[in-house]
Colleague: 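Here you go, one structure.
Residue numbers run from 1 in the order of the sequence given. Note that this is a predicted model, so its numbers are computed, not measured.
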Amino acid sequence: MAKRKLNPALTKPLTPTAALAEVVGKKPLARSAAIKAVWSYIKKKGLQDKSNKRNINLDATMAAFCGKKKTISMFDLAKYISSNLK
């Protein structure tokens, strides 16, 4: 059986917007690396909701690139990150 190839679109370095760069840094990075960096920020700051682990309580830095909301679902997180990578 042939080994699966990685989709090159997923590993292509993209530049984060200024709001997202506050969390992941200014250097271009792959979408997967950006998601990993945001999750590490969430865990470091303790932003995951204690009662419902699927929700993320946003601080001011994350709200800047997540549509100025107070809480988002972890399933929506990738959508917000992708829309802030160019």
Colleague: CE of M62 to CG of L47: how many Å apart, nearest 0.5 Å?
Modeller: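 Between atom CE of M62 and atom CG of L47 there are 6.5 Å.
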
Colleague: For the CH2 atom of W39 and the NZ atom of K44, what is their distance to the nearest 0.5 Å?
Modeller: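 Nearest 0.5 Å value for the CH2-NZ distance: 15.5 Å.
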
Colleague: Measuring from N55:CG to L77:CG, what's the distance to the nearest 0.5 Å?
Modeller: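 Answer for the CG-CG pair, N55 versus L77, is 11.5 Å.
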
Colleague: For the residue pair A37 and V24, what are the closest heavy atoms and their distance?
Modeller: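 Heavy atoms only, the tightest pair is CB-CG1, 3.6 Å.
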
Colleague: Could you state the interatomic distance from CG (L29) to CG (L20), rounded to the nearest 0.5 Å?
Modeller: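 Output value for this atom pair is 7.5 Å.
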
Colleague: Any idea which heavy atoms bring L85 and P16 closest together, and the distance?
Modeller: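 It is CD2-CA, 3.8 Å.
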
Colleague: Enumerate the residue pairs fulfilling side chain to side chain donor-acceptor pair (under 3.5 Å) with a member in residues 14-32, sequence neighbours excluded, ordered by first and then second residue.
Modeller: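 Every pair satisfying side chain to side chain donor-acceptor pair (under 3.5 Å) with a residue in residues 14-32: T17-N84, R31-S82.
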
Colleague: Show me the donor-acceptor pairs, under 3.5 Å and distance only, between side chains in residues 64-75 and residues at least two apart or in other chains.
Modeller:
residue : atom : partner : partner atom : Å
K69     : NZ   : Y80     : OH           : 3.0
T71     : OG1  : N57     : OD1          : 3.4
S73     : OG   : F75     : N            : 3.1

